[in-house]
Engineer: 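Got a structure here, written out as structure tokens. Questions coming.
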Amino acid sequence: MTRAGQVAEPQDLIDVDALIAAYSDLHPDPSEPAQRVAFGTSGHRGSSLDTSFNDDHIAAITQAICEYRASVGIAGPLFIGRDTHALSGPAHDTALEVLVANDIRVIVDSRDSWVPTPALSRAIVAYNSFERGDHADGIVITPSHNPPRDGGFKYNPPHGGPADSDATKWIADRANEIIADGLHDVLRRPVEEEDLEATDYREHYVAALEHIIDFHAIRESGIRLGADPLGGAAVEYYELIAERYGIDLTVVNDKVDPQWAFMTLDWDEKIRMDCSSRFAMASALRHQSEFDILTGNDADADRHGIVTRDGGLMNPNHFLAVAIYYLFTHRPEWGYETAIGKTLVSSSMIDRVAEALGRELVEVPVGFKWFVGGLSSGTIGFGGEESAGASFLTRDGSVWTTDKDGIVLALLAGEILAATGKTPSEIYSELADRYGAPVYERVDAVATKEQKSKLSKLSAADVTATELAGDPITAKLTEAPGNGAAIGGLKVTTDRAWFAARPSGTEDVYKIYAESFVGAEHLREVQAAAREIVNAAIG
């Protein structure tokens, strides 16, 4: 019997002392691929216990970032913040020692506390909005929703969002060179108090929220909001939000524990702070009846989970569609040319909503970095991805953050109810009645490394199929229609369904994302056909 959704037991918990000891004691072997620096869509991630996230890695990555910012002329301050994972603290200390030795102007949290990803992104954006003659960038130390044994390290350049692949490849390659050379090029020294500047990330972020959320509507409606930060970096933010804006907002769980002993186990019986998973959110869901809207965030608060009294935990795709529908009908100062951004594995319900709104849809590859330019310029009003990450413009149409912001999405759910009198799940039901009710699922299919490599480099000409689950194929995509960037896989569409296949970066499988507007049985046919089409193309 599965223990998914049940509270973690002692055998599920990490040994924090052993984890932190391994951070210093273990040293990566550059010849082992699993022990090298590798930036995915959200930075370098790993565990000290696997010798994939250790002091050597962080020292080398930070030195590489110092050299990178010098090579591209970034001369302003570097904002740095960390989440509540056990490895985030030691990594923060390592990074500071390298940064100050390289004479970088470093800005830390004045409360010496945790910093959500959106708060750091907001700080970078706000600093660079003024003509100062220099530009700031930042480092976020977080593995997002990953298990407690993991660490993560992400670089955000001056635009404030995730670095693009050109920057991350440069940084990763240089970091691996530094490690292979015995860290001789790393400049490092103990940190003195005068080395650092401080800012109150929480105060500045919360004070600016009035520019993006209609707190007057929430306050006047009297709705009851609940928030579960799942032991993450947002834990101290919601209390200040409630106090500053006078709204009925209760933090249902204010515990911070590097073991996350209070968490319920995810689908695979691991502790994972995935606020879009009903298993990981099981403890929060016990409070469903106590609030009109209940929300969750992951460890760095860049993801959102939305729970309504009537509908429970919403599918992330469903809330994205509702958020888009609401924002583009309740933000009159957004220009009519302001577009809607989605990743190509997000629900086609968004396509139908965008068409009904008469808005351009910008469909991009997986990764929030693809929305940075549009959010910065205001040409994209909302950018979202199916993994419960999104951000949007301020009420006057200017940039808010260029990284995912789970806090504003959580607050938006309250605004939607306050302004419309309907919960987001009720609005989604109306959208489904109007545009169809899609069924969406992601599954895995076995593939060798060679097959995964071939899948990542497919061209549309490699796909010979003309039908998908009995329907004529309308498009075979290996480049995103919104920006022409390679998707690193394949997407096939019909009028009633679609699938996308992308190779896993960590396992010998490829991921199949599929959706049908016909029903669950048709979705199974789409998934089966997807395997046949992909396997025929990759051999």
Side-chain angles (χ1 to χ4, degrees), residues 116 118-119 121-130 159-161 202-221 223 225 227 234 237-238 240-247 249 293 295 301-302 304 306 319-342 350 353-354 357-360 362 368 371-384 389-422 424 427:
S121 177
R122 178 67 190 168
I124 297 171
V125 168
Y127 183 94
N128 292 334
S129 66
F130 296 95
H159 57 54
R202 183 180 68 160
E203 171 63 26
H204 294 305
Y205 175 87
V206 172
L209 282 171
E210 63 182 352
H211 299 298
I212 191 169
I213 296 294
D214 185 352
F215 286 105
H216 175 77
I218 296 174
R219 186 169 53 250
E220 292 302 305
S221 70
I223 60 173
L225 305 179
Y237 279 56
Y238 283 106
L240 183 60
I241 291 169
E243 176 185 325
R244 180 179 292 273
Y245 295 107
I247 60 176
L249 171 60
I293 299 288
T295 62
D302 71 342
H304 60 274
I306 308 300
F319 185 67
L320 292 184
V322 171
I324 289 166
Y325 174 78
Y326 172 81
L327 286 168
F328 282 86
T329 54
H330 287 77
R331 292 295 188 266
E333 293 190 46
W334 290 9
Y336 186 74
E337 70 284 354
T338 306
I340 296 165
K342 61 165 273 195
I350 295 171
V353 169
L357 291 169
R359 296 282 179 161
E360 178 189 0
V362 179
F368 204 78
F371 299 125
V372 169
L375 290 170
S376 295
S377 64
T379 56
I380 289 180
F382 181 99
S391 190
F392 52 96
L393 299 178
T394 62
R395 293 159 73 184
D396 68 4
S398 58
V399 59
W400 171 249
T401 60
T402 49
D403 214 327
K404 301 184 288 286
D405 191 334
I407 297 174
V408 298
L409 268 295
L411 295 170
L412 179 66
E415 181 189 327
I416 290 171
L417 174 58
T420 67
K422 300 174 183 177
I427 294 176

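Here, residue 1 is the first one in the sequence, and each next residue gets the next number.
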Engineer: A side-chain contact here means heavy atoms from C-beta on lying under 4.5 Å apart; do L225 and T295 qualify?
Structural biologist: no
Engineer: Under 4.5 Å between any side-chain heavy atoms of R202 and L240, yes or no?
Structural biologist: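 They are in side-chain contact.
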Engineer: With a 4.5 Å limit on heavy-atom distance, are the side chains of I340 and V353 in contact?
Structural biologist: no
Engineer: Rounded to the nearest 0.5 Å, what separates atom CG in L327 from atom CG in L393?
Structural biologist: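 Rounded to the nearest 0.5 Å, the CG-CG separation comes out at 9.0 Å.
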Engineer: Which class fits the ring pair F328 and W334: parallel under 30°, tilted 30 to 60°, perpendicular over 60°?
Structural biologist: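 It falls in the perpendicular class, over 60°.
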Engineer: In Å and rounded to the nearest 0.5 Å, what is the CD1 to CG distance from I324 to L357?
Structural biologist: 8.5 Å
Engineer: Excluding sequence neighbours, so at least two apart, what forms side chain to side chain donor-acceptor pair (under 3.5 Å) with T401?
Structural biologist: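 Expected list: S391.
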Engineer: Do you know the tightest heavy-atom contact between T402 and S376?
Structural biologist: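 Minimum heavy-atom contact is CG2-OG, 3.3 Å.
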Engineer: Counting N and O atoms only, with roles assigned by atom type, does the side chain of R122 sit under 3.5 Å from a partner on the main chain of W400, one being a donor and the other an acceptor?
Structural biologist: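 Yes, R122 side chain to W400 backbone: donor-acceptor pair under 3.5 Å.
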Engineer: A123: which residues meet the side-chain contact (heavy atoms from CB on, under 4.5 Å) condition with it, sequence neighbours left out?
Structural biologist: F79, Y201
Engineer: Nearest 0.5 Å, please: how far is CG in D403 from CG in D302?
Structural biologist: 6.5 Å
Engineer: Taking ring pair (Phe, Tyr, Trp, His ring centres under 6.0 Å) as the definition, give me every residue that meets it alongside F368, ordered by chain and number, with sequence neighbours left out.
Structural biologist: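 In terms of ring pair (Phe, Tyr, Trp, His ring centres under 6.0 Å), with neighbours along the sequence ignored, F368 is linked to F371.
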Engineer: Please check: side-chain N/O of S129 versus main-chain N/O of A126, any donor-acceptor pairing under 3.5 Å?
Structural biologist: yes
Engineer: Report yes if some heavy atom in the side chain of I124 is under 4.5 Å from a heavy atom in the side chain of Y127; otherwise report no.
Structural biologist: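 Contact flag for I124/Y127 side chains = no.
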Engineer: Work out which heavy atom in A410 is nearest to a heavy atom in I306; give both atom names and the distance.
Structural biologist: CA-CD1, 3.9 Å
Engineer: I'd like a table of donor-acceptor pairs (distance under 3.5 Å, sequence neighbours excluded) in which one partner is a side-chain atom from residues 205-213, with atom names and distances.
Structural biologist:
residue	atom	partner	partner atom	Å
Y205	OH	D405	OD1	2.9
Y205	OH	D405	OD2	2.9

Engineer: Which residues satisfy the ring pair (Phe, Tyr, Trp, His ring centres under 6.0 Å) test with Y325, sequence neighbours excluded?
Structural biologist: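 Listed in chain order: nothing, the list is empty.
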Engineer: Of all residues at least two apart in sequence or in a different chain, which pass the side chain to side chain donor-acceptor pair (under 3.5 Å) check with Y326?
Structural biologist: E415
Engineer: Could I get the full list of salt bridge (charged side-chain N to carboxylate O under 4.0 Å, His left out) partners for E203, not counting sequence neighbours?
Structural biologist: R244
Engineer: Return the CD to CG distance between E243 and L249, rounded to the nearest 0.5 Å.
Structural biologist: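 Reported value, rounded in 0.5 Å steps: 11.5 Å.
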Engineer: Using 0.5 Å steps for rounding, measure from the CD1 atom of I416 to the CD1 atom of I293.
Structural biologist: 8.0 Å
Engineer: List the residues meeting side-chain contact (heavy atoms from CB on, under 4.5 Å) with S221, not counting sequence neighbours, and say none if there are none.
Structural biologist: I223, A418
Engineer: Under the salt bridge (charged side-chain N to carboxylate O under 4.0 Å, His left out) definition, can you give me all pairs with a residue in residues 372-381, not counting sequence neighbours?
Structural biologist: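 The answer is none; no pair qualifies.
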Engineer: According to side chain to side chain donor-acceptor pair (under 3.5 Å), who are the partners of T379, at least two apart in sequence or on a separate chain?
Structural biologist: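 Applying side chain to side chain donor-acceptor pair (under 3.5 Å) to T379 gives S377.
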Engineer: Among residues at least two apart in sequence or on other chains, which ones pass side chain to side chain donor-acceptor pair (under 3.5 Å) with T394?
Structural biologist: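 If we apply the side chain to side chain donor-acceptor pair (under 3.5 Å) test to T394, skipping adjacent residues, the hits are D396, S398.
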Engineer: Taking all non-hydrogen atoms of both residues, which atom of E333 and which atom of R395 are closest, and how far apart?
Structural biologist: CB-O, 3.5 Å
Engineer: Taking the side chain as every heavy atom from C-beta outward, state whether H330 and T420 have any atom pair closer than 4.5 Å.
Structural biologist: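 Result yes, sub-4.5 Å side-chain heavy-atom pair found.
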Engineer: Looking at every non-hydrogen atom in both residues, tell me the closest pair between G160 and V125 and how far apart they are.
Structural biologist: CA-CG2, 4.4 Å
Engineer: Identify the heavy atoms of L409 and A323 that sit nearest to each other, and give their distance.
Structural biologist: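 L409 and A323 have their closest heavy atoms at CD1-CB, 4.4 Å.
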Engineer: Please enumerate all residues that pass side-chain contact (heavy atoms from CB on, under 4.5 Å) together with H216, with sequence neighbours excluded.
Structural biologist: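 H216 satisfies side-chain contact (heavy atoms from CB on, under 4.5 Å) with D214, R219, E220 once adjacent residues are dropped.
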Engineer: Are side-chain heavy atoms of T338 and F382 found at a separation under 4.5 Å?
Structural biologist: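 In short, these two side chains do not touch, never coming nearer than 4.5 Å.
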